[in-house]
Amino acid sequence: MNLLYSDVEDQLRASVADLLADRAQPASILARCETDKPHDLDLWRTLTAELGAGSLHVPESLGGQGASAREVAVVLEELGRTVAPVPFLGSAVLATTALLGCEPADGELLGALGSGRTVGALAVSLATAPGSAFPSTVEYTDGVLRGRVRSVADAAAADVLVVPAVGVDGPTLHTVRVDQAQVTVTPAVSLDLTRPIADVTFDGAASTRLTGDPESALDGALWTAAALLASEQVGVADWCLTTTVAYLKDRHQFGRPVGSFQALKHRLADLFGELALARAAARNAADAVGGPEERVAALLANSLCSTVAVHAAEECVQLHGGIGMTWEHPAHLYLKRAKADQIALGTPGQHRRLLAPLVDLPAPR
Amino acid sequence: MNLLYSDVEDQLRASVADLLADRAQPASILARCETDKPHDLDLWRTLTAELGAGSLHVPESLGGQGASAREVAVVLEELGRTVAPVPFLGSAVLATTALLGCEPADGELLGALGSGRTVGALAVSLATAPGSAFPSTVEYTDGVLRGRVRSVADAAAADVLVVPAVGVDGPTLHTVRVDQAQVTVTPAVSLDLTRPIADVTFDGAASTRLTGDPESALDGALWTAAALLASEQVGVADWCLTTTVAYLKDRHQFGRPVGSFQALKHRLADLFGELALARAAARNAADAVGGPEERVAALLANSLCSTVAVHAAEECVQLHGGIGMTWEHPAHLYLKRAKADQIALGTPGQHRRLLAPLVDLPAPR
Amino acid sequence: MNAETLRERTREFLDRNDPATTDRLEFLRARFDAGLAWVHFPEGLGGLGAERELQNVVDQELAAAGAPDNDPRRIGIGLGMAAPTILAFGTDEQKHRFLRPLWTGEEVWCQLFSEPGAGSDLAAVGTRAVRDGDDWLVTGQKVWTSSAHSARWAILLTRTDPDVPKHAGMSYFVLDMTAPGVEVRPLRQITGEAEFNEVFMTDTRIPDTDRLGEVGDGWRVAQTTLMNERVAIGGRPVPREGGMIGPVARAWRDRPEVRTPELHDRLVDLWVQSEALRLAGVRLRQQLAVGHPGPEGSAMKLAFARLNQELTGLELEMLGEDGLRYDDWTMRRPDLVDFLGREAGYRYLRAKGNSIEGGTSEVLRNIIAERVLGLPAEARVDTKVPWKDLPR
Amino acid sequence: MNAETLRERTREFLDRNDPATTDRLEFLRARFDAGLAWVHFPEGLGGLGAERELQNVVDQELAAAGAPDNDPRRIGIGLGMAAPTILAFGTDEQKHRFLRPLWTGEEVWCQLFSEPGAGSDLAAVGTRAVRDGDDWLVTGQKVWTSSAHSARWAILLTRTDPDVPKHAGMSYFVLDMTAPGVEVRPLRQITGEAEFNEVFMTDTRIPDTDRLGEVGDGWRVAQTTLMNERVAIGGRPVPREGGMIGPVARAWRDRPEVRTPELHDRLVDLWVQSEALRLAGVRLRQQLAVGHPGPEGSAMKLAFARLNQELTGLELEMLGEDGLRYDDWTMRRPDLVDFLGREAGYRYLRAKGNSIEGGTSEVLRNIIAERVLGLPAEARVDTKVPWKDLPR
């Protein structure tokens, strides 16, 4: 178990951070999220083409970078720190991991997703907790898909959807091209302005049925995503703490830097402590992906990190005072991301309930 | 609904406070609680004989003061503020209210309890929440009582016990004199040094069976006690806040009064706010005893006030620093009382579970 | 003046001015002139010099008769903040000019106090007013101004002497919001709405006759304004579940599928605290009624903000997938704000402001610690230095 | 010196000193003399001038051979605080006199720093040391001294010059605990036990040769002591559920009848935080191992104290009626303290000390805010005034 960042990971982080510093400034993100194209697909193509961010944990044999979930986590941390509106979670984590769980995996599609030429999404509600029952709102009959999935992350940017559907012989998994009349993607008004969600309707849509075990492929995608989302939450929390500390050093009231007031210092010190625990838990979860402790590590990390991220974002808004309540200041983008992330892939309460039996803390009765 | 203290109540408070200031100083309480007579029965006799504190809510027709539960609450507040080791809860609240719930009530015994000549206790575990099933650890067969009750408040000081027992025809209630060989009262090592608990064993004990509805009499005693214990908790919290504020004004570190450090000021301000809510809830509960809102008011008050009292006592110890960790300083007496009170008559969690259906917030499933 | 006399007088007024047949504005003006607007104000200024509590008698009689009111929510700043300040510090001429249309709502008021650099530290205001003959020339920026776009007048706190310590160099004015150089811009919030405005003044001319209080005495005048703002908080009684607990409890009842044991305990705990807060409000009003106001008001505002935030945060978790959605990000300029209005996401975001507006929770904790608990104040570094030399 | 050489050397030492047949104390003395006590200490003083990390190699070899250890928990203050200070500031004579019996445990050490009036503000110590020929006469009271009743020596911080600012007027001594005028009284705690002592000194004579560091330089010497105390915290790896979560989780497993949904969620939440704290400790040690120690140590102690308190509070609620009982109030003087030892009531009370001992949580928050986050320090009022003129 290595809870540090390796040199390779630090280099990856630096490259991603450099690019995002250049291309994902709060003002431009804010302007973009009010347009009808809230995803920054140019940035996404650069991230994938230049840094390989679209296929980090895809084996080299399938055209990927052959790295591990740890590197994916590092990128998520940076994306959390900038709330850059790229379809990383939907395409490079959820859809890609689901495809990797199929046997044999669709190397061509993985290659297209990895290159950024094609954007994918996994057609499940973003609120789905890992371990949930296989979704049944889409039916697979007569060779086509019918049904509806609400609140799909990054679907509005997707070219291809990975779709769980229930057929006559049980659960199935499909890839579906969005550019057909039988697929409708309707953007929802998303609380999280920088990770837009959309509702998807299938009305006799053509699909390619994936082989392998659809339940385990979907489950794997959700567990991996839950484990890694904790790193995004660490990134969000880290930005909030760092930004607040910087603001309070600068902001003066009563003739003093506001950051010299002890009550605020103590709150920030507590936040620093929460973040230290969150980071250890998130690194542990990334390290454990695919191993025997994956689920315990994922639930532990996600329940803790989502709580810490929300707390950090709420403190960020509060300690910025009035300016933190304005649309112009980026704090609200982080608050909205943190709160949506708390619900994404299950709430902390759901995670604790899933965790309890795994660590022999049985529920009452 | 009157949430203030009436003039009569303020006068009663002043009389009780005067007496306790004189007779219940921390040093003497601390010395006493390490003896084998932890109850101060001299003080109790003065409280009852001079101030009528033993029979406040007993009707005048039964030789009592004819006051209401509100006055009982005021006395409990003062007793909480001093953690005076008198058997008020056991004798004047639990045993007395149970006796008042019998039909006809035993005027002679009520008179004896009210005068302080005789001390009573209700033979149920102090941890029993109101609304619990009628206790079944004591059996009433062949005209005698057999069985055991653990953790009975004030039993070690009692001359008479009010005992719920299950007979062949169901629940019964009895009075039992302690001065018989068939009754054994064994003091337990109590977390709360100033409200000693004891285990009581009945081994064929003779009793007087009380008439009326035993279940409703017992239930009434527990609900009333739960409602009123909130006022004791307010008294505990109030002492803790007041004492801590005074200490922090006086204590200097770093060349300043410690109470000038903003982080501590904010914590005490928060505690003041908690106490304001707790006091309103406790007054409401005392006012509601016997009325249609009694249960909601009791559960609301007890769940809130026990949390606030524990928080206040914990802050009191912490903000006193090292001195608060010493046996000589009285803070620990309040910490122990607050923690025991949190468990007494049900924990906050139990109270919330009881409250939920009463306010139409149904539990899951 | 006792309740009976006042009731009699109100009935006589109603006899003379039938609400069913009188124009709304005419009715309100007549009510003002009859001294029934705010009975504790002096005669001739809408009142009768009576006890403040007696206003209830008038209001009940008028409401029973179906009389129109002056829509107090819409003109709250005028009624709650400008009026008492004008009464306390205004000249006779000012009082007669301003109070009647203020009360009837013909002229809406706003308040120009906060600035980007003077939030919690209001005494740091930097909007400069420079004497120019019989006028003052005002330049500066104010922020968090509600009603600025509909207001005819503003109460305005300015810096008139930067060379003295900050509390000593302020002056207080009435500003004509239609004067040249006044620009109002909506200030969009994290909810997407713009409830508030920024107000920019550039060489805006104010006649010296519109000054309230002495030159340099602005801080004292402003204290009167703020004290009256605080009195207004926690004013009216609220029924059980009347606050933020209401929509959350309803969502719980309406949606059995979202219930989990964890959420249940948290919700009941917040219900308990909400009801205790409501009872504390009842208790505070009972104290006021017997003439012993308690110091709990600030603590109640703290709890109000905290509970609103915890409840709305819980609600989004409870809603799960629906919590990922928002109702509408369109920029709007609402006239009135309802914390409970709109959907759960809005409530969550709007509640964040509850611990900032009207005194941050941090400032309230200072006030409680120092003024209520009597804990020692921290050493101040900003009270003896000329305003212009303060670090900022 | 690399690991292999050292392993070799340890084996040779074991060949010469068979643990099975050598007297424990003789073995320990021999180990010290062989430089295998603390390999990072200099040769001749129990070490070999090697890297600190290499100590593991020695310890493993010796443990594998069944060698006795020096019972480090019993002599933690000597090893962790006195020894590094003596090494840094002692004369050659002092080093040779004190370090060997300190390490073997023949002489137990205690620490005389805190006073009733100098807790968080340690630099305020008032225990006076007055020069008297070749000696110093010491009078004052120290508090929270563990092992004082079994200690042969103490490290002692005193005030030698009350006329200069507080940090400048201190000197640091080694005190012979058997000297006349030293009185040790047990200090009973809220648990009923007396883990600690009060130590009174009345005209106690200390030869100047027992001074550590220069006269007036006591604060700098004490900083070395305290820095080493902090390094010791969070030292050894803990297995999952190795901390306070352990007994609480076991109680949950053992007693199905106490389980409620509310307690369940709280318990799992605390399990999560406990495990995260443990992982943070693992991460900190991994950082140390690669030479990049992080600043998280203080934050971990904060979390440790908070979790111990929340867990034990929860445990009592969970136990219900059994939570009303205590195991034993008898005043005892334990040699070693185990936070997890004894029953739930004891754990609850003892955990209250975790946020006070070894730096209060409040002081740790200041340290994190100022030294880690770089937030501005508050203005100090106590650093330029002569110690004797400080308010207290």
Side-chain angles (χ1 to χ4, degrees), chain B residues 1-4 241-242 244-246 248-249 256-285 287 293 296-297 299-305 307-308 348-349 351-357 359-365, chain C residues 240-241 245 248-249 252-253 256-269 271-287 289-290 292 294-303 306-307 361-362 364-370 372-379:
Chain B
M1 173 170 50
N2 175 9
L3 303 184
L4 305 180
L241 175 60
T242 307
T244 306
V245 166
L248 293 189
K249 285 180 191 174
R256 300 164 49 172
V258 174
S260 72
F261 284 99
Q262 197 194 34
L264 307 190
K265 286 160 77 169
H266 279 205
R267 281 158 66 173
L268 291 168
D270 282 337
L271 205 50
F272 172 81
E274 288 177 38
L275 189 54
L277 266 57
R279 192 183 301 278
R283 282 274 82 192
N284 182 56
D287 195 66
E293 282 286 307
V296 167
L299 294 167
L300 157 65
N302 208 330
S303 73
L304 183 73
C305 297
T307 304
V308 172
H351 291 145
R352 289 194 290 271
R353 248 194 322 162
L354 289 166
L355 175 63
V359 297
D360 190 22
L361 294 172
R365 260 166 307 255
Chain C
R240 186 180 278 180
E241 293 193 12
I245 184 68
V248 188
W252 180 267
R253 288 172 193 135
E257 77 281 5
V258 303
R259 299 175 191 161
T260 69
E262 174 239 351
L263 293 170
H264 189 233
D265 188 65
R266 283 168 66 197
L267 176 62
V268 179
D269 185 23
W271 191 95
V272 162
Q273 294 187 60
S274 300
E275 176 65 0
L277 176 60
R278 189 184 75 82
L279 292 168
V282 172
R283 186 160 195 271
L284 194 62
R285 276 188 301 281
Q286 291 179 345
Q287 289 177 314
V290 297
H292 296 110
E296 287 89 355
S298 299
M300 286 176 57
K301 179 174 180 299
L302 268 183
R306 180 177 57 78
L307 287 172
S361 291
E362 290 73 25
L364 289 177
R365 289 191 190 97
N366 284 345
I367 290 173
I368 295 168
E370 294 176 14
V372 181
L373 300 178
L375 286 164
E378 283 186 271

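Per chain, numbering begins at 1; letters A, B, ... match sequence-line order. Since we're looking at a predicted model, the values are computed, not measured.
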Report summary line: From the list B:L361, B:L300, B:V245, the residue making the most non-hydrogen contacts under 4.5 Å with chain C is B:L361
**Report entry** Interface moiety of B:R283 toward chain C, non-hydrogen atoms closer than 4.5 Å
**Finding:** side chain
Query raised in the report: What part of C:R283 lies closer than 4.5 angstrom to a heavy atom of chain B: side chain, backbone, both or neither?
Result: both
Query raised in the report: Hey, are the side chains of C:L263 and C:V258 touching, using non-hydrogen atoms and a 4.5 Å cut-off?
Result: no
Report summary line: For C:G374 and B:K249, the nearest pair of non-hydrogen atoms, with its separation, is O-CE, 3.0 Å
Requested in this report: Count the heavy-atom pairs under 4.5 Å between each of B:L248, B:T242, B:D270 and chain C, then report the option with the highest count.
Outcome: B:D270
Query raised in the report: Among all residues two or more places apart in sequence or in another chain, which pass the ring-ring contact (aromatic ring centres under 6.0 Å, His included) test with C:W252?
Result: C:H264
Query - B:L271 vs B:T244 side-chain heavy atoms within contact, under 4.5 Å - result: no
Query raised in the report: Using a cut-off of under 4.5 Å for heavy-atom pairs, which of C:A369, C:A276, C:P376 has the most such pairs with chain B?
Result: C:P376
Report task. Work out which heavy atom in B:A285 is nearest to a heavy atom in B:A297; give both atom names and the distance. Result -> CB-O, 3.5 Å
Requested in this report: Could you have a look at C:V372, C:L277, C:L373, C:I368 and say which one has the most heavy-atom pairs with chain B under 4.5 angstrom?
Outcome: C:L373
Query raised in the report: Counting heavy-atom pairs under 4.5 Å to chain C, which of B:A282, B:G273, B:P364 comes out on top?
Result: B:P364
Query raised in the report: With B:E274, which residues qualify under side chain to side chain donor-acceptor pair (under 3.5 Å), at least two apart?
Result: B:H311
**Report entry** Interface residue of largest heavy-atom contact number with chain C, from B:L277, B:N284, B:V296, under 4.5 Å
**Finding:** B:L277
Requested in this report: Taking all heavy atoms of C:I367 and all of C:S298, pick out the closest pair and write down the distance.
Outcome: CG2-OG, 4.3 Å
Query raised in the report: Between C:V268, C:L302, C:V290, which shows the greatest number of heavy-atom pairs under 4.5 Å with chain B?
Result: C:V268
Query raised in the report: Closest approach of C:A249 and C:E241, non-hydrogen atoms and distance?
Result: CB-OE1, 3.8 Å
Query raised in the report: Using non-hydrogen atoms only, which part of B:V359 is less than 4.5 Å away from chain C: side chain, backbone, both, or neither?
Result: both
Query raised in the report: If you count heavy-atom pairs under 4.5 Å with chain B, which of C:S361, C:P261, C:A299 comes out on top?
Result: C:P261
Query raised in the report: Quick one: does B:H266's side chain get under 4.5 Å of C:N366's, heavy atoms only?
Result: yes
Report task. Counting only heavy atoms closer than 4.5 Å, note whether B:L268 contacts chain C via side chain, backbone, both or neither. Result -> both
Requested in this report: Pick one of side chain, backbone, both or neither for B:D360, based on which atoms fall under 4.5 Å of a heavy atom in chain C.
Outcome: both
Query raised in the report: Heavy atoms, side chains only, cut-off 4.5 Å: are B:F261 and B:R267 in contact?
Result: no
Report task. Mind ranking B:G349, B:A363, B:A246, B:P257 by heavy-atom pairs under 4.5 Å with chain C and telling me who comes out on top? Result -> B:A363
Report summary line: Note: vs chain B, highest number of non-hydrogen pairs under 4.5 angstrom among C:Q273, C:E378, C:E296, C:R253 is C:R253
